[in-house]
Structures are given as C-alpha cells and as structure tokens.
2 protein chains.
Amino acid sequence: MSSSDLATRISNRLAKDILTGTIEPGTHVATQQIADRYQVSRTPVRDALVALSDKGLLEHQANRGYFVPEEIPEGLAQEIAAQDSEESDVYQTFAEDWLKNRLTEIVTEQSLRQRYSLTKSRLNDMMARAAREGWAERKEGYGWRLLPVAKTSEAFDQIYRFRLAIEPVALLEPSFELDRKVLAEHRRIQEWMLEVDVARTPPEQLLANGAAFHEALIAMSNNPFFASALERVNRMRRLMEYRARVDQERLQVQCSDHIEIIDLLERGEVVEASYFMRRHLSGALRRKSPIARNWSEEMEAEAHSQA
Amino acid sequence: MSSSDLATRISNRLAKDILTGTIEPGTHVATQQIADRYQVSRTPVRDALVALSDKGLLEHQANRGYFVPEEIPEGLAQEIAAQDSEESDVYQTFAEDWLKNRLTEIVTEQSLRQRYSLTKSRLNDMMARAAREGWAERKEGYGWRLLPVAKTSEAFDQIYRFRLAIEPVALLEPSFELDRKVLAEHRRIQEWMLEVDVARTPPEQLLANGAAFHEALIAMSNNPFFASALERVNRMRRLMEYRARVDQERLQVQCSDHIEIIDLLERGEVVEASYFMRRHLSGALRRKSPIARNWSEEMEAEAHSQA
DNA sequence: TTTAGCATTTTGGTCGCCAAAAATGCCTTC
DNA sequence: GAAGGCATTTTTGGCGACCAAAATGCTAAA
C-alpha cells in the first residue's frame with residue numbers, strides 16, 4: 001500500500017483532491033475538518049498540510065492556516081501522479097512468485113523473511129493479508145501452506161460464478177436503498193473511462209474503477225455480508241489481474257454496461273437492473289473478464305513449463 | 001481454542017477418537033502415521049502419545065510403540081470430556097463484551113490489553129481474529145473500530161439472506177460433485193441429533209454440527225469462493241449464538257430437513273435438493289434460526305437499557 | 001469563538017535476544 | 001526394513017526496552 005506514514009497517505013489523498021478540483025481553489029483547508037473527515041487526530045493532518053505547502057499545492061498564511069491556491073504550478077500534477085504509482089509492494093511480489101510457481105507449497109516463515117528481507121512484523125502483515133485473502137494458511141506446526149486457489153484460470157470462472165450468485169440478488173434485497181449521489185459519481189467515472197486512452201492509463205486504475213462500481217452497488221443492498229463477500233473476491237481478482245493489459249474494446253463494453261445499469265437504477269427499474277447485471281456478469285464470464293485473458297494464458301503456460 | 005501446545009491439541013483429538021471408538025481397540029498407533037495425517041512432524045505426536053499413555057488411554061510397549069487398550073478405565077471418559085469444554089477463551093469474552101455494549105466503538109490496544117490483561121502478541125492474535133471474522137478493523141491512526149455488524153438481530157436476517165443467495169446456487173454449480181461418503185457421515189450425525197437430549201449436550205456442539213452439514217454441502221460445489229464465504233458468515237453466526245439455548249422442537253425440524261436434503265442428493269435429485277435448501281433456509285429466516293431467538297431478544301433489550 | 005501552533009502524553013511498531021516448540025536425522029531394536 | 005527412541009538443528013513465539021508516530025491538551029492569535 002502507500003507509504004507507511006499516515007501523514008504521507010493523507011497528503012497523497014489531499015493532493016489528488018486538489019489536483020482533480022474536488023476541493024475548489026481558494027478553499028480554506030482546516031486541520032480539524034480534515035481530521036474529522038478521515039477520523040484521525042490533527043497531528044498527521046498538520047504534517048500533511050505542511051508537506052503540501054512545501055510542494056506548492058497549498059498556500060500558507062501565518063496563524064490563519066492553509067488555502068488551496070488559485071493556480072497550480074505547471075508540471076506538479078505529472079510529478080505527483082508519477083511518484084504515486086511508483087511504490088511497489090512486497091505483497092504483490094510474493095503473490096506473483098506464488099502465481100508463477102516460484103515457491104513451494106509449504107514454506108517456513110524464515111525462508112520468506114530471507115527471500116524478501118522482511119522483519120518479523122512485516123512478514124506477519126504480509127501473511128495475515130494473504131491469509132485474509134484466502135490463499136495462505138498456517139500449518140498446525142511450523143510453516144505455511146500456500147493454496148492453489150488463485151493459480152488457474154479456473155479460479156476466474158469460479159469468481160464470476162460466485163459474483164453471479166450474489167450481485168444480482170443483492171440488488172433485490174429488501175433493505176436495498178438507492179444512493180443517487182454515489183450513482184452519479186460512478187456515472188462520471190465510467191463515462192470518463194469510455195474516453196480514456198488505455199495505453200496511457202495504469203491498468204490498476206481501470207480495474208479499480210470497475211471493482212469500485214460493483215462494490216458501490218452491492219453496498220446499497222445494506223447487507224454487509226454481501227458487500228464484504230464481494231470485496232473479498234475482488235481482492236483475490238486484483239491479485240490475478242494486477243499486471244494485465246487492458247483491451248480497449250472490452251473495456252468499453254464493460255463501461256457502457258455499467259452506465260446502462262446506472263440508467264436503469266436511476267429510473268427505479270431495479271428488477272431490470274438486477275437482470276442486466278446478471279447478463280453483464282455472464283458476459284464477462286464467457287469472455288473471461290474484459291481484461292486478462294491473454295495474461296492468464298501466458299501465466300499458465302509458464303507454470304506448466306516448470307512442472 | 002484448545003491449549004496452545006500442538007502436542008496437547010493432538011492428544012485431545014486422539015483422545016476423542018479413542019473414546020468414541022473411531023480408532024478401534026488393539027490398533028497400533030504409529031507415530032509417523034499420525035504425523036502424516038495431521039501434516040506435522042513426529043515430535044509433537046510422540047509427546048501426545050506419551051501423555052496419553054500416562055493418562056491410561058494408550059498402552060506402551062517398549063521399542064514397539066503405542067496401542068489402543070482393549071478396555072478403557074472407568075471414569076476417564078467423563079474426566080477428559082469435562083476438561084475439554086472447560087477452557088474459556090478471551091476472544092469469547094471480548095466478543096460478548098462488544099455484543100452486550102460494554103465497550104465503546106473505538107478502542108485502543110492499550111485499553112484492551114489492560115482490560116483482558118493480555119500480552120502484546122495475545123492481543124494481536126485476538127484482534128487478528130476479530131478482524132478476520134469481520135467485526136473489527138484498524139483505524140487509520142491508532143486504535144480499532146468495532147463494527148456493529150454482529151450486534152443486532154438484523155444481522156441474523158442478513159446472514160440468512162446471504163446464505164439464501166449462495167447455498168442453493170452452489171448445489172447447482174457445474175463443478176458440483178456428490179461425495180457419498182461425506183453425505184453418509186452427515187446423515188449419521190443428523191440422525192444422532194434427532195435423538196439426543198438437548199439439555200445434556202453443549203449447544204456449541206449442536207450448532208457446530210449444523211454448520212458443518214451446510215459447509216460440507218457447499219464444499220461439494222468445488223468452488224472455494226462459495227465455501228469460504230459460507231465459512232465466514234458461519235463464524236460470525238457462532239459469535240452470536242454461542243451461548244444460546246437450543247429449542248428441541250426446532251432442532252428436530254432442522255435435522256429432518258437436513259436428512260431430507262441428503263435423501264434428495266443421494267437419489268441424484270440435485271435441483272430438488274437446491275429448491276428444498278432454499279425452503280429450509282427461508283424457514284430458518286422466518287423463525288430467526290431454530291436456536292437463538294430468545295437470546296437474541298434478551299441481548300438487544302440489554303443493549304437498549306444501557307443506551 | 002474558532003483555529004493554528006506548540007508542548008506533552010500516549011500509543012503501537014521495531015528489534016534483538018532467549019527459551020520453548022517443532023522438524024529432522026540418525027541409530028537401534030524388533 | 002519399518003518404526004521407535006533419542007539427539008541435534010531449526011523455527012517460532014514471548015518479552016522488554018526503545019523510538020517514531022499519533023492523539024490530546026493548552027495557549028495565543030485572528
């Protein structure tokens with residue numbers, strides 16, 4: 001994930017909001033207000049504000065606080081975007097090593113610590129995450145067992161089958177409640193993606209947007225069990241897709257499907273939306289996701305060649 | 001869970017197998033064989049065997065190994081059963097404290113360490129488990145947020161709605177494959193429960209059997225995402241139900257439903273089984289589980305009185 | 001009265017060492 | 001030659017001190 005420091009994370013988020021204009025120029029950015037929004041104390045927020053004003057993304061007035069400047073210096077946007085996507089993650093490496101069969105099924109913590117040069121607690125975090133995402137489990141004695149769950153393209157089908165079972169149903173839950181504001185926000189994002197140049201946008205971003213759309217919808221069911229189940233499989237999916245190339249055409253099908261669903265929901269045609277969602281997902285299943293088919297095959301070939 | 005020591009855990013499991021006759025009298029219990037079965041090394045197994053022969057549950061012959069005795073000394077059975085269910089668990093206490101509103105929504109690790117007098121690592125385990133089971137999450141800064149997910153009887157409904165979405169569908173998965181051996185085993189258990197005296201059996205046991213039945217079925221779908229989703233909500237359910245009283249009549253309805261499902265499956269009528277499963281679950285939803293209605297209401301009353 | 005700015009307190013992560021637990025290898029016995 | 005018994009090696013978890021990060025309280029300025 002992003003750098004460990006809370007101040008840095010807040011700073012990044014604020015930077016994004018300022019650059020995209022979510023926070024308008026001239027606004028007074030109050031420490032307490034930000035602290036409340038993110039449910040943290042004022043200290044890391046303050047550090048973030050200082051850092052941002054150093055970079056030139058905020059203007060500081062002594063004893064009055066920080067303000068969003070009317071004009072943002074040239075080039076800053078690119079600089080920050082670049083810096084943001086740079087950080088690579090041990091967890092991703094670990095996952096990839098497993099996906100590509102560079103690890104044995106049974107591993108000791110020691111060997112992992114050595115391989116990735118991790119401290120005890122870092123390793124702990126990593127394994128906890130892998131366990132949470134369902135592809136690693138403690139053996140009864142020493143060592144961990146890595147599960148083959150995410151390795152084959154079969155897992156892809158399984159995930160889509162699972163989503164097919166929960167997503168359309170979630171829309172029909174009695175506690176379902178439309179959030180038009182969130183819906184409008186996602187319409188904006190999806191429309192943006194229709195026009196974006198696939199080659200020049202990080203695929204994680206596109207993937208994340210798609211996943212976020214589905215998660216937002218299922219959240220409206222107001223049944224947290226549906227929501228967290230989807231989040232869970234999406235995390236696993238990300239693991240398999242995170243370096244995939246995105247197929248422009250398929251992406252566009254996906255996005256217009258999403259927009260169609262939003263249309264239906266906004267018109268209050270929930271049943272139709274649910275039905276359309278089912279079709280949308282089966283479509284993805286048939287095509288093996290709009291995204292990762294090639295990569296998935298490549299991966300399996302590689303896995304095979306080592307067996 | 002049971003005592004931390006691997007040898008002890010193995011010893012307990014073996015004890016159960018010996019007492020219930022799963023391992024027949026006179027059998028030679030080979031170290032390596034047990035070690036393989038549990039995927040551990042011989043050392044803790046050996047320790048377990050020594051411990052059991054000290055208790056008199058195994059007979060030791062020098063340089064030949066350990067054997068299940070033809071007759072087991074009087075009273076040993078009770079003694080061991082008692083000792084087994086005795087161990088109370090911080091995690092359970094913690095969960096109950098939260099369910100009954102004795103904790104605030106935001107807690108620091110320190111306060112929890114103090115309250116339950118835990119070392120840092122114990123606390124870590126506890127929170128990891130709560131997070132895994134979905135009702136606690138780290139705040140961004142210091143502290144944890146406890147989620148209301150498990151608190152209301154509404155959560156009950158939500159869990160059943162979720163199960164309603166996945167369980168019947170799982171039976172119809174293309175990869176579904178009947179395991180007659182497992183099925184027969186569960187038939188045995190369910191029939192046993194039909195006759196059992198509810199008052200004299202620990203409710204956890206009855207609950208666990210029910211959950212195990214459903215988990216066994218969904219596992220036959222061969223889609224691990226269905227399986228792990230069910231396991232997840234079942235863990236949460238256990239949290240809410242673990243001290244409930246069991247209603248004999250409802251239990252019997254539940255068990256005969258289960259047996260009916262097994263019948264259908266054994267006759268190959270999968271679609272009918274799926275349909276019946278749906279009815280079975282909606283029934284439970286209508287009745288608020290065969291088990292915990294009273295308790296759930298009591299709990300909420302208590303929660304209310306403190307607000 | 002609100003909020004920034006600073007000082008102080010509290011929290012939780014990190015590190016290294018040590019002991020307990022588990023895994024492994026070898027030798028012996030039946 | 002298969003398995004138990006023992007010795008040795010390896011792994012892991014616990015503990016405590018330390019330190020950076022976050023939370024909190026207070027003061028002064030607008």
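Residue numbers begin at 1 in each chain, while the letters A, B, ... track the order of the sequences.
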Would you say [X] reaches [N]'s phosphate, i.e. side-chain N/O to OP1/OP2 under 4.0 Å?
X: A/Ser41; N: D/dA23; answer: yes
X: A/Thr119; N: C/dC15; answer: yes
X: B/Arg46; N: D/dC6; answer: yes
X: A/Arg138; N: D/dG13; answer: yes
X: A/His28; N: C/dT2; answer: no
X: A/Arg122; N: C/dT14; answer: yes
X: B/Ser121; N: D/dG14; answer: yes

Along DNA chain C (nearest heavy atom to each residue), the more 5'-positioned of A/Gln61 and B/Val40 = A/Gln61
Is the closest basic N to carboxylate O distance between A/Glu109 and A/Arg113 below 4.0 Å?
-> no
Is the closest basic N to carboxylate O distance between B/Asp125 and B/Arg132 below 4.0 Å?
-> no
Give one of base, sugar-phosphate or nothing for A/Glu109, where a contact means two heavy atoms less than 4.0 Å apart.
-> sugar-phosphate
Touch class at under 4.0 angstrom, heavy-atom based, for B/Thr43 against every strand present = base
Over how many whole Å does the gap from A/Met126 atom CE to C/dG13 atom C1' extend?
-> 18 Å
Nearest nucleotide by nearest heavy atom, which residue falls closer to the 5' end of DNA chain D, B/Arg42 or B/Glu140?
-> B/Arg42
Report the residue (B/Tyr66 or A/Val107) whose heavy-atom-nearest nucleotide on DNA chain D is the more 5′ of the two.
-> B/Tyr66
Does any donor-acceptor pair link the side chain of B/Lys120 with the base of C/dT14 at a separation under 3.5 Å?
-> yes
Using a cut-off of 6.0 Å, state whether more than 12 heavy atoms not belonging to B/Gln114 lie near its atom CD.
-> no
What residue among B/Leu14, B/Thr31, B/Leu57, B/Leu49 forms side-chain contact (heavy atoms from CB on, under 4.5 Å) with B/Tyr66?
-> B/Leu49
